[in-house]
Amino acid sequence: MTTERIQRWTKTRLREHLSVIRGERPPTLVLKHATYLNFARRKWVEANIWIADDQIVYVGQDLPEMLGDAEVVDCTGQFIVPGYIEHHAHPFQLYNPHSLAQYASERGTTTLINDNLVYFLNLEKKKALSLIEKLEELPTTMYWWTRYDSQSELLKDEMFSNSKIKSWLEHHLVVQGGELTSWPKVLQGDDTILHWMQETTRLRKPIEGHMPGASEKTLSQMALLGVTCDHEAITGEEVIRRLDVGYTASLRHSSIRPDLPRLFEELKELGVDYFGRCLMTTDGSPPSFYEEGIMNTCIQIAIDAGINPIDAYGMATYYVARYYNVDHKLGMIGPGRIAHLNFLSAKDAPTPVSVLAKGQWVRRDGKDIRQEQTFNWSDYGINPIEFNWELSEDELHFSMPMGIEMTNAVILKPYQTMLETSATDLSTDHDESFFAMIDKKGKWLVTTTLKGFATSVMGLASSYSYTGDVILIGKSLKAMVQAFNELKKQGGGLILIEDEEVIDRIELPLLGMMSDEPMEVIMEQERSFTKKLRDRGYQHEDPMYSLQFFSSTHLPYIRVTQKGIYDVRKKRILFPAIMR
């Protein structure tokens, strides 16, 4: 039944739920005197809510004729809203889909719409699709998007095959195409991606763009090709540009783009008073960003900015469900919807006191009700990385005159290095370091110098990237090799070496990107690792994003990819990878 839930309940289960309304059998849960947010009328309404299993079956003035063993809760003094929806989650930012979902639901975000990129790139199609069906058995509802491109330059692009994309697009848990980072290729004539976009539209599924700085004409062209939403607006004017073209605008509040307060301020100044085509997202931020919760924090920012609370909740519930064509199942409190409900102490207090997810209490009266659940990741081909190769100092040559410079956490530009690149150690008086990216299977490597990362990181090794390839950064070749050897022992993650000692580590045994620890543990590990990097000269917004995005060609200007150092704008390899 679980994999059918998104589209339908079984006929047997539906008839059992009908019998609850007819008084022939009891519900599982009755919420009496519930003041709830009714989006059909845009107002708070008082009613009794009956729940059978994981479905809301009745909302109205009556109480059940048969109560039996039903739990009855008097909701006087509380305010009930639909469970929140994070529509743009990247469930592999040190955490994994399971740990993120559990943590999110306890803070009221009971639906996640997830990026599939890491599973698309690293898993066989059958195992990946089986995985998303298994994850749907959690109390959290999980939908997915399917990517059309790798967001990097891969040696093997054939993994984006027509049959594989088609299988993802047609899956009932996949509700959109995107995010479309390779939109310039589509405008320049890539008919393969355009075909997949047309298929997405034919299936009546929306397409999420990724178009930072896009002009009105660019947005218009992409609308003609099927794009329906974009999350890259960083000013109120850019939000309006998207709305005027007919897009739904997703307003972002993430660790490197905490834009929401300013966006609301600018939108109000520009006279925007209708938010029915706006959504909100935290855009897959690292764990520590979620200390106060996920969508509840966005809703609070909206309310604090003077947005009507009904719109503030709508941008994380009903407006999202309506946009994705799932408001018959989510985003509203009414018969036929999944029983995702948040119980609030006040209308302007979106962090819930209690949470129901698929009819189960995951938070009750301020306390989490966590069911310890194990997940057999290895059943789906998700294991530690096996590095079956050796690395020596003499393989790390840094002779090229051009290096890469970080202008912020994620933007890289070329620069002319004056370093004595035959050295094995660099001074801590400046912010230039050695940098290497090495194939996780040991077949190729790219070496250069990196300016602006840190002043005194001796040896850092990371498998934290979309592809799982290894990044080495440091002032000391010896420390970098030692960091790699430690990374190899633990099967992926992050290692920091100084004075021949491991001074910090994060173990990421799931494809080298994800921890199998609970969210709270990962938060502490991330804080510790980030602090040590900052103590050694890292000055940008977020080191986890920096490590992840070195190879991401949806960002300007220079990227380090499997093919070599790549010029994004000219679409050419400047320095090819060296085969080992």
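Quick note: numbers below take in every heavy atom, side chains included, and nothing from hydrogens, waters or symmetry partners. Starting from 1, each residue takes its place in the sequence as its number.
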State, without any angle test, whether [X] and [Y] hold a side-chain donor-acceptor pair at a distance under 3.5 Å.
| X | Y | result |
| --- | --- | --- |
| Q300 | N296 | no |
| D283 | S254 | no |
| S378 | N376 | no |
| T282 | E86 | yes |
| Q525 | E507 | no |
| Q539 | R534 | no |
| T455 | Y538 | no |
| H87 | E208 | no |

So, does [X] use its side chain to make a donor-acceptor pair with the main chain of [Y] at under 3.5 Å?
| X | Y | value |
| --- | --- | --- |
| E517 | L508 | no |
| E526 | S288 | yes |
| T448 | M402 | yes |
| Y84 | P350 | yes |
| H540 | G452 | yes |
| E266 | G236 | yes |
| N408 | V410 | yes |
| T111 | I85 | no |
| Y557 | L412 | no |
| S220 | E216 | yes |

So, for [X] and [Y], which heavy atoms are closest and what is the spacing to 0.1 Å?
| X | Y | answer |
| --- | --- | --- |
| L494 | Y464 | CD2-CB, 4.3 Å |
| M211 | D230 | N-OD1, 2.9 Å |
| S150 | L117 | O-CD2, 3.9 Å |
| S99 | I522 | OG-CD1, 4.2 Å |
| L112 | A104 | CD2-CB, 4.4 Å |
| A312 | I303 | CB-CG1, 3.7 Å |

Using side-chain heavy atoms (C-beta onward) and a distance below 4.5 Å, is [X] in contact with [Y]?
| X | Y | result |
| --- | --- | --- |
| E432 | T417 | yes |
| H253 | D259 | no |
| F375 | L135 | yes |
| M222 | L180 | yes |
| T181 | Y148 | no |
| W168 | R147 | no |
| F434 | L426 | yes |
| W389 | R580 | yes |

Mark yes when over 12 heavy atoms from residues, nucleotides or ligands other than [X] sit less than 6.0 Å from its [atom1]; otherwise mark no.
| X | atom1 | result |
| --- | --- | --- |
| E237 | CD | yes |
| E124 | CD | no |
| E393 | CD | yes |

[atom1]-[atom2] distance between [X] and [Y], expressed to the nearest 0.5 angstrom:
| X | Y | atom1 | atom2 | value |
| --- | --- | --- | --- | --- |
| T235 | R241 | OG1 | CZ | 6.5 Å |
| M295 | T351 | CE | OG1 | 12.0 Å |
| I385 | S463 | CD1 | OG | 4.5 Å |
| I382 | D516 | CD1 | CG | 11.5 Å |
| Q482 | L477 | CD | CG | 13.0 Å |
| D149 | D190 | CG | CG | 9.0 Å |

Determine, stepwise, if the pair E292 / R107 fulfils salt bridge (Lys or Arg N to Asp or Glu O under 4.0 Å). CA-CA 8 Å; E292 301 300 320; R107 285 145 188 84; over 6 Å; no
Give a yes or no on whether a salt bridge exists between [X] and [Y], defined as a side-chain N under 4.0 angstrom from a carboxylate O.
| X | Y | value |
| --- | --- | --- |
| R242 | E232 | no |
| D439 | K441 | no |
| K488 | E386 | no |
| K571 | D567 | no |

May I ask you to check whether F160 and W196 place their ring centers less than 6.0 Å from one another?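 Distance test on ring centres: not under 6.0 Å, no.
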Would you say the rings of Y119 and Y380 are close, in the sense that their centroids are separated by under 6.0 Å?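 That pair fails the under 6.0 Å test.
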Mind running side chain to side chain contact (heavy atoms under 4.5 Å, CB included) on L263 and V239 for me, showing each step along the way? CA-CA 8 Å; L263 288 177; V239 173; 4.0 Å; yes
Decide salt bridge (Lys or Arg N to Asp or Glu O under 4.0 Å) for E265 and R262; before the verdict, give the C-alpha distance in whole Å, the side-chain angles of both, and the deciding distance to 0.1 Å. CA-CA 5 Å; E265 182 182 338; R262 186 170 46 79; over 6 Å; no
Could you go through the side chain to side chain contact (heavy atoms under 4.5 Å, CB included) check for F435 and T447 one step at a time? CA-CA 6 Å; F435 177 97; T447 56; over 6 Å; no
Pair F453, L460 - check side chain to side chain contact (heavy atoms under 4.5 Å, CB included), show working. CA-CA 11 Å; F453 182 80; L460 166 66; 3.8 Å; yes
Is the positively charged end of R527 above the ring of F529, judged by distance under 6.0 angstrom from the centroid and angle within 45° of the axis?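 Relative to the ring axis of F529, which defines the angle, R527 lies outside at least one limit.
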Begin from the C-alpha positions of V446 and I565 and carry the test side chain to side chain contact (heavy atoms under 4.5 Å, CB included) through to its verdict. CA-CA 7 Å; V446 180; I565 297 179; 3.7 Å; yes
Pick one: which of Y545, W145, F549, Y95 meets ring-ring contact (aromatic ring centres under 6.0 Å, His included) with H90?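 Exactly one option meets the ring-ring contact (aromatic ring centres under 6.0 Å, His included) with H90, and it is W145.
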Inter- and intrachain pairs under salt bridge (charged side-chain N to carboxylate O under 4.0 Å, His left out), touching residues 466-484, at least two apart: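 Those involving residues 466-484 are K478-E500.
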My understanding is that only residues two or more places apart in sequence, or in another chain, count here; which of them pass ring-ring contact (aromatic ring centres under 6.0 Å, His included) with Y566?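 ring-ring contact (aromatic ring centres under 6.0 Å, His included) check on Y566 returns nothing, list empty.
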